[in-house]
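Below is one structure, written out as structure tokens; the observations come after it.
Chain naming here is simple, since letters A, B, ... match the order of the sequence lines and numbering starts at 1 in each.
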2 protein chains.
Amino acid sequence: MVSIKNVARFADVSVMTVSRVINASGYVSQKTRAKVLEAIDKTGYRVNQTAVGLRTGRSNSIGVIISDISNPFFPFIIKGIDYVCSRNNYDTILFNTGEDIDRELRYINLLKQKYVKGVIISSCLPDYEENQKIFAGLTPVFFNRKPKGIHADSVVNDDYQATFIATEYLIRKGNRKIALINGNMDISTFRERYRGFRAAMDRHAIPVCEELIAVGEYSIEGGYRSARKIFNASIRPEAILPMNNFMTQGLYNYLKEHRIRIPADVSVIGYNDLDWCSLVVPPLTVIKVKKFEMGKRAAEILCDRLQYRAPNSFQEIVLEPEFIIRGSVKSARHAERTPMYAAEAI
Amino acid sequence: MVSIKNVARFADVSVMTVSRVINASGYVSQKTRAKVLEAIDKTGYRVNQTAVGLRTGRSNSIGVIISDISNPFFPFIIKGIDYVCSRNNYDTILFNTGEDIDRELRYINLLKQKYVKGVIISSCLPDYEENQKIFAGLTPVFFNRKPKGIHADSVVNDDYQATFIATEYLIRKGNRKIALINGNMDISTFRERYRGFRAAMDRHAIPVCEELIAVGEYSIEGGYRSARKIFNASIRPEAILPMNNFMTQGLYNYLKEHRIRIPADVSVIGYNDLDWCSLVVPPLTVIKVKKFEMGKRAAEILCDRLQYRAPNSFQEIVLEPEFIIRGSVKSARHAERTPMYAAEAI
DNA sequence: CTGTTAGCGCGTTCAT
DNA sequence: ATGAACGCGCTAACAG
């Protein structure tokens, strides 16, 4: 590989002069600059990022850590991150933890070993404070999930608000026996979603039936099992709220298998608007999380911080969800007259 | 950051001894080894990958270049790559080209600047030979798509076979007026898929109606526009073959908007089996590409090559597709008696 | 078995 | 306006 030394020899100048031309630092006369530029062109020289990294202690990579690349929730977020980073000349190193805390910690260390200074992360760490020292020297921006006690920038969806609105919508349509398919509440998203549901039910003085609350793995299979649990309860649910897209799929599989019709037999509102949600019949009413936006904002914050353009205080962005009404919720009678409190819930 | 020097001082040995312990190279007595290990532990030392990279001219990263992260076709492939690479202690640097050749070339250069020695790539380069020198010093494994004249390892789906089977299935079900929604045939996948379609039609002596062949962007919008073109033709198609998942979605949008029913009004076979394909009503009959397998095989080949365990000759893996029959193709009369040639087509 | 020397490619410091 | 020397953290080659 052609190094800066070769270029210097070719242009008959010192290594330093070449360096100055490349980095546009210090004074170089027009004439030598032209000579150097030509030499760079002729030799096909490219700066060695590794050497620059070692010398400066910096790199132009940022890390992205997610829990599951095969979850269609992430690709658009990554696209948003990519959009911002490529414009700031950062490239992204992607790691997939598979919800394994040890892997997450290992990857964070790996990033530091590469002089990576920033990471955008959907963490499976339950607690930030316990693990704070691991982030030393690495600027994290948390997205989607927020470990407890975090002391860092974050960009999340307003999960509380989202389920509040969805739940209230169901109530307004005359549903009272509402089931929840939730994930592990050690994770902030599921905790918030549960809180939103609970708050809406309480606000309307509707008792929550514990039998209709299922907590399981947030996978297709987990959603299926939770659906089974719910339909084996002593109370038949009028509506179901699965709390992520995988569990929604699992629920669909269960309903299909048991020929339970949406919305005639049970109403459903999905979490996350994916490709298929508008394609199924009836099209699925969903809470839409702004995925691209989430990635974009997180990357913007990180780029700003890495270039010392960010404010000192941590930014905690909460993205407003959209509620997309399609056809998976049945209209009941004596609906519409229920008062709505969603605005208050903010 | 604590360096090898600190560890050496701490353990009261030379830097070299520490290096030997870390890399398990050369002789170190049990006693000093223990001393060093303790020092590493006490100081919290981690090797600096950048320095190792500079010194050895190697890195433990491999590059992954894809055209569009938001295409749900890729995530499972990436998961397959990740599965193999993490077991071989490589991490992956992901780049998204957005089908931009210049970006692709830039990323390839970037990888070289980082001493990355291998790249797994779904390339938008039409011709390998023209760009061969750009790969100098970088081992590429092509997947999904194969630029012309490639002289490298590759893992692709048997796209020819896949459309041959699908087309023949349609014919067997009594369809003769079969429409194709295809992408740009500069790209190998679309070229092969077209060939498979054509071959099946020819084999059964069914004339191909050029009016029913649409070539456009392989996006949701492109699929929609192609569908419109086809339904504005003078001949009404009995069946449609969209040649990737995005175009299938676009087609669905068109059909929905115009209240054209599947399969009563038109039969459809999708390319790629995604989450929603079994969720729509009727469930979609599809050609399934083994995505995880594709990524896994590509990564295995690359890891082998990088560790000089691969044969000298290039491996050109062709993965067998699956054909999943669900409910989007109408059964017509005088079907079943048509002879089948798919086996010959291999 | 262990240490010394040298240098990977670059940028910082200081001199000219 | 330009160059020489030095060192980032590490390992290969050689010496002892």
Rounded to the nearest Å, what distance is computed from the [atom1] atom of residue [X] to the [atom2] atom of nucleotide [N]?
| X | N | atom1 | atom2 | value |
| --- | --- | --- | --- | --- |
| B:Leu54 | D:dC8 | CG | C1' | 9 Å |
| B:Ile4 | D:dG7 | CD1 | P | 18 Å |
| A:Lys31 | D:dT2 | NZ | P | 10 Å |
| B:Lys35 | C:dC1 | NZ | C1' | 12 Å |

By the 4.0 Å heavy-atom rule, please label B:Val15 as base, sugar-phosphate, or nothing.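 It contacts base atoms.
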Would you classify B:Thr32 as touching base, sugar-phosphate or nothing, given that sugar-phosphate means primed atoms plus P, OP1 and OP2, and contacts are heavy atoms under 4.0 Å?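 If one applies the 4.0 Å heavy-atom cut-off, B:Thr32 turns out to touch the sugar-phosphate alone, with no base involved.
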On the nucleotide [N], are OP1 or OP2 found under 4.0 Å from the side-chain N or O atoms that [X] carries?
| X | N | value |
| --- | --- | --- |
| A:Ser29 | D:dA1 | no |
| B:Lys5 | D:dC8 | yes |
| B:Thr56 | D:dC10 | no |

With a 4.5 Å limit on heavy-atom distance, are the side chains of A:Ser67 and A:Phe95 in contact?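 No; the side chains remain at least 4.5 Å from each other.
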Given [options], which nucleotide is nearest the side-chain atoms of [X]?
| X | options | result |
| --- | --- | --- |
| B:Arg20 | C:dG3, D:dG9, C:dT13 | C:dG3 |
| A:Val28 | C:dG3, D:dT2, C:dG11 | D:dT2 |
| A:Ser3 | D:dG9, C:dT4, C:dG9 | C:dG9 |
| B:Tyr115 | D:dA1, C:dG3, C:dG9 | C:dG9 |
| B:Arg55 | C:dT2, D:dT2, D:dA12 | D:dA12 |
| B:Tyr27 | C:dT4, C:dC1, D:dC10 | C:dC1 |

Short N-O contact, A:Lys146 and A:Glu316, less than 4.0 angstrom: yes
When you compare the side chains of B:Asn48 and A:Tyr115, does any donor N or O come within less than 3.5 Å of an acceptor on the partner? yes
Spell out, as yes or no, whether a donor-acceptor pair under 3.5 Å connects the side chain of A:Asp12 to the backbone of A:Ala8.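 Side chain of A:Asp12 to backbone of A:Ala8: no pair is present.
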